[in-house]
Amino acid sequence: MSITVTSIPILLLSEIVPELTGAIKYHKGIETSNQDFKEINFDTIIMDKTILLKTLIEHEMQNIVEKDNRILCNCEDFYLEFYKINEEKPYNLKISCFEQKNIKEFVNNISSQYSINTQEASYNKIKERLKEQNLEIEDEEVFEDNTIVLTVNLE
């Protein structure tokens, strides 16, 4: 007997159910400014520090520093601070910059990369758990939209 498991691409899910994917939503930003210097705060549901750091490295962030419950870095003209007020809550994001141009695109790029990394981590964890339970993957199919279908032998 076999069972088929389908993994929907995290980027598709981020549009359907953003609260499940770690997406950073621009419309949740709160902006404060002091003349030309701006600080914009965003809500995220990013919980995983390892995946966040991987995303920042892949996004070619510079000067990545971990301090307490904060991750600081910069890229282009943006200075980012991911911070947690409570360890059991998701990270918040504060972006500081002198010019606000392209900030929405910048945040969307980080969110997309984080979503891809989250999907990869989930996929690897599923495969690891199947192996721990001595279950064999009979077939694995990846579709154009990055949906992954695994057929698992239950016998």
Legend entry - Connected via hydrophobic side-chain network under 4.5 Å: Leu72 and Phe98: no

Legend entry - Atom pair CG (Asn153) and CD (Glu136), whose distance is rounded to the nearest 0.5 Å: 5.5 Å

Legend entry - Lys54: which of His59, Glu120, Gln113 passes side-chain hydrogen bond (donor to acceptor under 3.5 Å, both in side chains): Glu120

Legend entry - Heavy-atom check, side chain of Asn117 versus side chain of Glu58, under 4.5 Å: yes

Inset, instruction - Check the pair Asn92 / Phe82 against side chain to side chain contact (heavy atoms under 4.5 Å, CB included), numbers first and verdict last. - result: CA-CA 6 Å; Asn92 293 313; Phe82 290 88; over 6 Å; no

Inset, instruction - Any chance you could pull the hydrophobic cluster mates of Ile85, using side-chain heavy atoms under 4.5 angstrom and chaining through other members? - result: Tyr83

Legend entry - Pairwise distance NZ(Lys131) to CD1(Ile126) - rounded to 0.5 angstrom: 16.0 Å

Legend entry - Exercise: identify the closest heavy-atom pair between Met47 and Lys84: O-NZ, 3.4 Å

Legend entry - Side chains of Leu80 and Leu93 in contact at under 4.5 Å (non-hydrogen atoms): yes

Inset, instruction - Tell me whether Val107 is reachable from Tyr79 by hopping between hydrophobic residues (I, L, V, M, F, W, Y) whose side-chain heavy atoms are closer than 4.5 Å. - result: no

Inset, instruction - Flag the pair Thr151 / Ile137 as yes when at least one side-chain heavy-atom distance between them is below 4.5 Å, and no otherwise. - result: no

Could you pull out all donor-acceptor pairs under 3.5 Å where a side-chain atom in residues 60-69 meets a protein atom, sequence neighbours excluded?
{"residue": "Gln62", "atom": "NE2", "partner": "Glu60", "partner atom": "O", "Å": "3.2"}
{"residue": "Asn63", "atom": "ND2", "partner": "Asn74", "partner atom": "OD1", "Å": "2.9"}
{"residue": "Glu66", "atom": "OE1", "partner": "Lys49", "partner atom": "NZ", "Å": "2.6"}

Legend entry - Donor-acceptor contact below 3.5 Å, side chain Thr44 vs main chain Tyr91: yes

Inset, instruction - Any chance you could measure Asp43, atom CG, to Lys89, atom NZ, to the nearest 0.5 Å? - result: 11.0 Å

Inset, instruction - Determine yes or no for a side-chain-to-main-chain donor-acceptor pair under 3.5 angstrom, with Ser112 supplying the side chain and Asn108 the backbone. - result: yes

Legend entry - Nearest atoms (heavy-atom pairs only) where Tyr114 meets Leu52: CE1-N, 3.8 Å

Inset, instruction - Could you tell me whether Asp139 atom CG has more than 12 heavy atoms of other residues or ligands within 6.0 Å of it? - result: yes

Legend entry - Cys97 to Ile103 - nearest heavy-atom pair and separation: SG-CD1, 4.3 Å

Legend entry - Side-chain heavy-atom pair Glu128, Asn124 within 4.5 angstrom cut-off: no

Legend entry - Rounded distance [0.5 Å steps], CG in Leu130 versus NZ in Lys125: 13.0 Å

Legend entry - Rounded distance (nearest 0.5 Å) linking atom CD1 of Ile51 with atom CD1 of Ile116: 12.5 Å

Inset, instruction - Would you please test Phe106 and Glu76 for side chain to side chain contact (heavy atoms under 4.5 Å, CB included) and show each step? - result: CA-CA 10 Å; Phe106 180 76; Glu76 301 171 15; 4.2 Å; yes

Inset, instruction - Enter the distance from Lys38:NZ to Ile95:CD1 here, rounded to the nearest 0.5 Å. - result: 13.5 Å

Inset, instruction - Taking all non-hydrogen atoms of both residues into account, name the closest pair between Ile110 and Thr55 and its distance. - result: O-CG2, 3.8 Å

